[in-house]
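Take a look at the structure below.
Quantities reported herein were computed from a predicted structural model and do not represent experimental measurements. So that the names make sense, note that chain A is the first sequence line, chain B the second, and so on, each numbered from 1.
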Amino acid sequence: MATSAKQKKLRSKKVVERSTNAVIYVILVAISVIWLFPFVFLIMQSLRGELGAATNYFFPKKWTFDNYIHLFTQEGVKMNGTVTKLPDGYNFLTWYWHTLVIAVVVTIVQTLIVLVTSYALSRMRFKMRKPLMNLMLILGMFPGFMSMTAMYFLLQLIGLTQDFSIIGLILVYVGSSCMGYYICKGFFDTIPKSLDEAARIDGASRQTIFFKVIIPLSKPIIIYTVLTSFMGPWGEYMFASLIANGSAKYWNVAVGMRDMLQREMMGTYGDSFQRFCAAGVVVSLPITTLFFILQRYYVEGVTGGAVKG
Amino acid sequence: MRKRFIALIACGALAATSLVGFAGCGGSGRKNANAGTQEDPYVLKVWGSAEQQEGLKQMVNKFTTEKQKDGKYFNISVEVCGEDKAKENLSTDAISGADIFSFANDQIADLWSYGALSPLTNKEVSKLADRMPESTVNFGYFNKQYYGYPFSADNGFFMYYDKSAVKPEHLDSLDDILSDLEAAGKKFLFEGETAWYTLSFAYGAGAEYEAIYEGADVKEVKTNLNKKPSGSQYSYGQLGGKMVADLVKNPAYQAGGNDAISAALTSKTFGAAISGTWEADTIKEGLGENYAATDLPNWKSSLDGKTYKWFSFAGGKLYGVNGYSQNLEAAHELAAFLVEDEQQMTRFTANGIVPSSKELANDPTVQSNIAVAAFLKQMDNSVVQRAMPQSYWDEVGAFATWLGTFSGTADELQARVDQMVTTLTTVTPVKPAA
Amino acid sequence: MEKTVSQIDYLGMSGWGKFCYRARLFFRGLPAAFLSIFTVLIPKLARKVWGAVKGFFLTLYNAMAKGDWKTRMSFAVMGTSQFARKQVMRGIMFLAFEILFILYMVVFGGAQLSLFGTIGRRAVVESETVSDFLTGDDIRFEKIPGDDSRLVLLYGILTMIFIVAFVYAWYANIKSGFAAQQLEEAKQHLPTAKEDFKTLADAQYHKTLLVGPLIGLVIFTIFPIIFMIFLAFTNYDVNHMAPDKLFTWVGWKNFQALFAGGLSGSGGARFGVVFGKLLLWTVIWAIFATFTNYILGMIVAIIINKKGIRFKKLWRTILIMTIAVPQFVSLLLMSKMLADGQLGIINVLLGTNIKWLTDPTLAKFTVILVNIWVGIPFTMLMVTGILMNIPADLYESARIDGAGPVRMYFKITLPYVLHVTAPSLISNFVGNLNNFGVIYLLSGGGPNMSMSGSGGAGETDLLITWLYKLINDKKQYGMASVISILMFLLTAIISLVVYNRSKAVKNEEDFM
């Protein structure tokens, strides 16, 4: 008797367990559909052969790769079956190249700055440490683009607008990156202090500790910082547009793609929306790939940093 | 030691910036004018929209070769920068902007306030006046001077329609058109809830709005939107506003700009649309042989039962010469060249841009374009869209949104019109600088 | 007075009970924390500033009174004391700094400062052009640029920053000179340049590390912020667009105009009313955006991590797409998908005509919904990591006590996660107050407010997107600066209060 009651209980427990799991799977599938829908739609639109703005049907009626090909061959925009030539400098490949260069340089410099700042704030004790941390916290609360006018003239003063807008943009993006020390410092705080002390007893200087003790232990947070700083420049529109001051030669992908959308809105019955989508896919590719490969570290980094934060 | 270190930093920063400061001092500001010789040609930069780049380049090349014969040498670059973007760029930095750029006539007050416009001489104005209607030349008139070379007069709206859905005898009456469309199961597309279109009924009934400028400052705003036309017990704002509110509720009505028009064409629900020449290609391709266009119909007010006209705005685009151009006279020369009849014709064939020249308006090729013909017909019933302060668009936009859901009494409507007029006519003049 | 339980009682509570207790403490203390900004923080700050000022003058006085001629000479010629005591490197640096500074002020800075009082003096001049293009009696005037008020302001602020830096260096020079004198008198060893450098890799390593980042901070963050604050006191607007016209100081006029109206070039726009409306919506938005993301993100993370659920990595990867694809692509596409009626694919697939982004009330829900779509993956990732980090022995001891999975979840998992992630709520909240991207890309602030005098503000506009409109469409730089200063004060106060409060609560007892 006793055993069968126990079995019954076990079985009913199993049933409950199974049904909860089933419900969870349903929820997860629903979530996946909702989350993936826009991206699949993006890909569908980028493969669409019909002209015109965004469609209200999901699958293209005519499949084509032309949108991608035209993006890179710099073929003109289609209007009513005729192809108008695109102006010089109006070139997606150039914009892509600009953004890539900016993103790579920003990633390197920003990661360095963040690591260095976080180390100083996490491991060293000096009089201005607390005030400095408070100051950076407070500065972060000012609305960023209020600084645009000042920034533009500052860069113009050094001659870094238009022709040298890439350098100017890098400076703008990198300029205040030490304010992003928060998560990285949180991560450093979780590394036991005893390691430092042991090294100091062995006669290591602060510099040696930074390079030989802390950095080797910080792979997740370094990758986290690299990922986030690499992503930033791809979507930045406002400063890029301001500093390029008009010329398509100096744009980045965001400004260029924004222009594709705007021209489509101005009423040309063309294929620039499809190109926008194709460009969106091409822009997302490197970041998404990086993300998939480095996902694990991202999680470790953000948790390590946020837990202590 | 810390102190010393900070001193070191500050020292470096100071050295760097002071050097830069000296360099920047010489670098900013206007460059020197060129001589126009072979060794030192006039350097000019032209901004135009992406669509017109090719044409613009050909025109510029033609200009360069022609002038070379006279012994004047030019080095002209053409860059992509449409009207809105040009205005944005000039607002931050007029001095390093292009020498010549295109702009819409209602942007003139803003551009003027940036110092981005150089006036035309009397001779240049009279040359334009010989070829263009007075109203068109006046697009460039602001603060007692003329500031632009009109190259198109196409900023207005009229009606496109599907020949198979609207009976030709009904084209004069909005009500008839709407009932035809409803019967045919098709849509009437109009952006009634946006600032640019919403007062078009009121203007048709006789409403007026004028912002009087003194410099870039609005000194006074005159409008009769809250006044009653003679013989009616309702104000212009009430009449026009009620019409929008009624129209929005009509089953055949669909709010729609470019996206909606494309979608309606694809789903075969396009019956009629109120828009400008920029939609001509889209609609022509979508409707095929049923494509037709004409001027705006008359409308009947549900308030007083009278029939009124429906007005369009009239505006155009001009080439402006940057007030800070280093080769001011050369730039004016090029701008004047860019609006010559021949160039206007090129623009018309390539991009369907309605010419501003009197002669070209009567040209059979121009007249044979259905959309352009309808547009020119509409221009008899239109109000010129002069420089208007941003507050006009903000306030009328809010009114338009309000109308979208309005279903109250005429008194409530009048109250809202009064509010709008109060806001529109409130001006805080800038005190004259001491 | 806060009602506190004794240490023993607290330790006797369950994990969940502890969390609730702390949460109660947190909210009860909020008003007091707000007051403490004025009663504690500001006086403390004032005392610190006063202490620093006193220290500054005391050092100068001591150096003057007790210093020898070398130290005293340093007041006029920087570096004298160091040169005289054979600290040549230091001496050179101080002297060079002084020379450069004087040079800068004479050649450039002084002139700029003199313009600062009126923000520029010389307006644009029009002079006749001489050109062979003009014939006969044609005359044209060309513009000769005058002072650009923006540049005057810019150079003025730069010069002021240099002056502050110089005063500090001058002070450092005297202090270091006097310290050297004292060391000499005590017959102690004076550090050589080589020794100075060596400490920079060790005890003073933070200076080496922070020089670069801080220079960047001053130039690219602090300097623009000072510029912006100054703008709030000028009449830089559509009627005073530099470089064509000069703008000048107007005192507190912009602040008055925000509440009383009457700003030139703005028609009858009622900034005060709009500001109030948008402030309310901004706060509501921030609360909803933060908590929906937090709670839902946590639920998603927990169900993905539930034992027995397979393909964990797949589910996570799907969600991560939102992070990896740039927002301006995904959100602009979203705004097209959510279009009205037949235009938007979502309405077509659902067979509805929902005015997602054009109905004033619904649009507010829509932006919050889409923000959930954007935000859940971030929370999910963070919580996932934390779940992996929960110490296994917690579960072990609970199992020994005979706790089932449900009890363990409520007793251990949930309180642990809440405890660890609560601080991130604060930064998320502040971030959402200034969440420009989502609103700007998705709804653009639309639909328009239907109120008269709304000045172009939309129903879903946050203060920050409105600010952008004020600058971009209306060129109301002065007013925009006023609003951003107010916004800054708001965010700063909120985060100070909440931050201090949560720290106070957290410090009372660590988890477990």
Would you find more than 12 non-hydrogen atoms of other residues, nucleotides or ligands less than 6.0 Å from C/N353 atom CG? yes

Above 12 or not: heavy atoms from other molecules or residues under 6.0 Å from CD of B/E214? no

Let me know if B/E124 has heavy atoms under 4.5 Å from chain C in its side chain, its backbone, both or neither. side chain

Gap between atom [atom2] of [Y] and atom [atom1] of [X] - 0.5 Å precision:
X: C/N239; Y: B/Y213; atom1: CG; atom2: OH; result: 9.0 Å
X: C/D148; Y: B/I95; atom1: CG; atom2: CD1; result: 6.0 Å
X: B/Q254; Y: C/L343; atom1: CD; atom2: CG; result: 6.5 Å
X: B/T92; Y: C/N472; atom1: OG1; atom2: CG; result: 9.0 Å

Taking B/A116, B/A264, B/A260 one by one, which has the highest count of heavy-atom pairs under 4.5 Å against chain C? B/A260

Checking heavy atoms, do the side chain of C/V124, its backbone, both or neither come under 4.5 Å from chain B? side chain

Taking the side chain as every heavy atom from C-beta outward, state whether B/S113 and C/D244 have any atom pair closer than 4.5 Å. no

Looking at B/Y114 and C/P243, what are the two nearest heavy atoms and their distance? O-CD, 4.4 Å

Looking at every non-hydrogen atom in both residues, tell me the closest pair between C/K474 and B/D394 and how far apart they are. NZ-OD2, 3.0 Å

Would you say the side-chain atoms of B/S91 and C/K475 include a donor-acceptor pair closer than 3.5 Å? yes

Name all pairs fulfilling the salt bridge (charged side-chain N to carboxylate O under 4.0 Å, His left out) condition that reach into residues 109-119 of chain B, sequence neighbours left out, sorted by first residue then second. B/K87-B/D110

Has the side chain of B/E395 got a donor or acceptor atom that lies under 3.5 Å from a matching backbone atom of C/G453? yes

Donor-acceptor pair, C/R140 side chain versus B/P119 backbone, under 3.5 Å? yes

Among residues 398-406 of chain B, those lying within the under-4.5 Å heavy-atom range of chain C are B/A398, B/T401, B/W402

